[in-house]
*Asks:* 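Attaching a single structure in structure tokens format; questions to follow.
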Amino acid sequence: MSIVVCFVCIVFGIFAICKPEKLWKLDHFLTVKDGEPTELYLKVARAFGVVLILCGIVYLILMMAGVAGL
């Protein structure tokens, strides 16, 4: 199960880096009509994607080394 979480983090991180506009639309589809994300949001979403990828990779490495739990 932990491996699945790692891969979900990595895939979601890649999505956040490559398509932050889609992430904004997914986040605000019920609250904003014809809105656009700000440049700050796009930058923060990409930074969040990098953090997610790094966390997923680090946890995967720790699991392989036997340091992290199941």
*Asks:* Is there a chain of hydrophobic side chains (I, L, V, M, F, W, Y, each step under 4.5 Å between heavy atoms) that links F48 to V11?
*Replies:*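 Unlinked, F48 and V11 end up in two clusters.
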*Asks:* When Ile, Leu, Val, Met, Phe, Trp and Tyr are grouped by side-chain heavy atoms lying under 4.5 Å apart, directly or through other members, which residues fall in the same group as V4?
*Replies:*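 Hydrophobic cluster check, V4: joined to V8.
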*Asks:* For the residue pair L52 and I10, establish whether any side-chain heavy-atom pair is separated by less than 4.5 Å.
*Replies:*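 They are not in contact (no side-chain heavy atoms under 4.5 Å apart), so the answer is no.
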*Asks:* Measure the spacing between CG of L62 and SG of C55 and express it to the nearest 0.5 Å.
*Replies:*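 The distance works out to 10.5 Å.
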*Asks:* Does anything in residues 13-34 pair up under side chain to side chain donor-acceptor pair (under 3.5 Å), and if so which pairs, sequence neighbours excluded?
*Replies:*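 Every pair satisfying side chain to side chain donor-acceptor pair (under 3.5 Å) with a residue in residues 13-34: W24-H28.
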*Asks:* By the rule that ILVMFWY residues connect when side-chain heavy atoms come within less than 4.5 angstrom, directly or transitively, which residues belong alongside L40?
*Replies:*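 Members other than L40 - counting any ILVMFWY side chain reachable under 4.5 Å - are V44.
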*Asks:* Same hydrophobic cluster for V50 and I14, using side-chain heavy-atom links shorter than 4.5 Å among ILVMFWY?
*Replies:*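 Same hydrophobic cluster.
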*Asks:* Scan residues 35-51 for pairs that pass side chain to side chain donor-acceptor pair (under 3.5 Å), counting only residues two or more places apart or in two chains.
*Replies:*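 Residue pairs with at least one partner in residues 35-51: there are none.
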*Asks:* For residues I61 and L54: do they belong to one hydrophobic cluster (side chain heavy atoms under 4.5 Å, members Ile, Leu, Val, Met, Phe, Trp, Tyr)?
*Replies:*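 Shared cluster, yes.
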*Asks:* Could you tell me which non-hydrogen atom of G56 sits nearest to which non-hydrogen atom of C9, and how far apart they are?
*Replies:*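 The answer is CA-CB, 4.3 Å.
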*Asks:* Please name all residues satisfying side-chain contact (heavy atoms from CB on, under 4.5 Å) with A16, sequence neighbours left out, ordered by chain then number.
*Replies:*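 Only L23 meet the side-chain contact (heavy atoms from CB on, under 4.5 Å) criterion with A16.
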*Asks:* Which residues, ordered by chain and number, are linked to L30 in its hydrophobic cluster, where ILVMFWY side chains connect at heavy-atom gaps below 4.5 Å, directly or through other members?
*Replies:*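 Same cluster as L30: F29.
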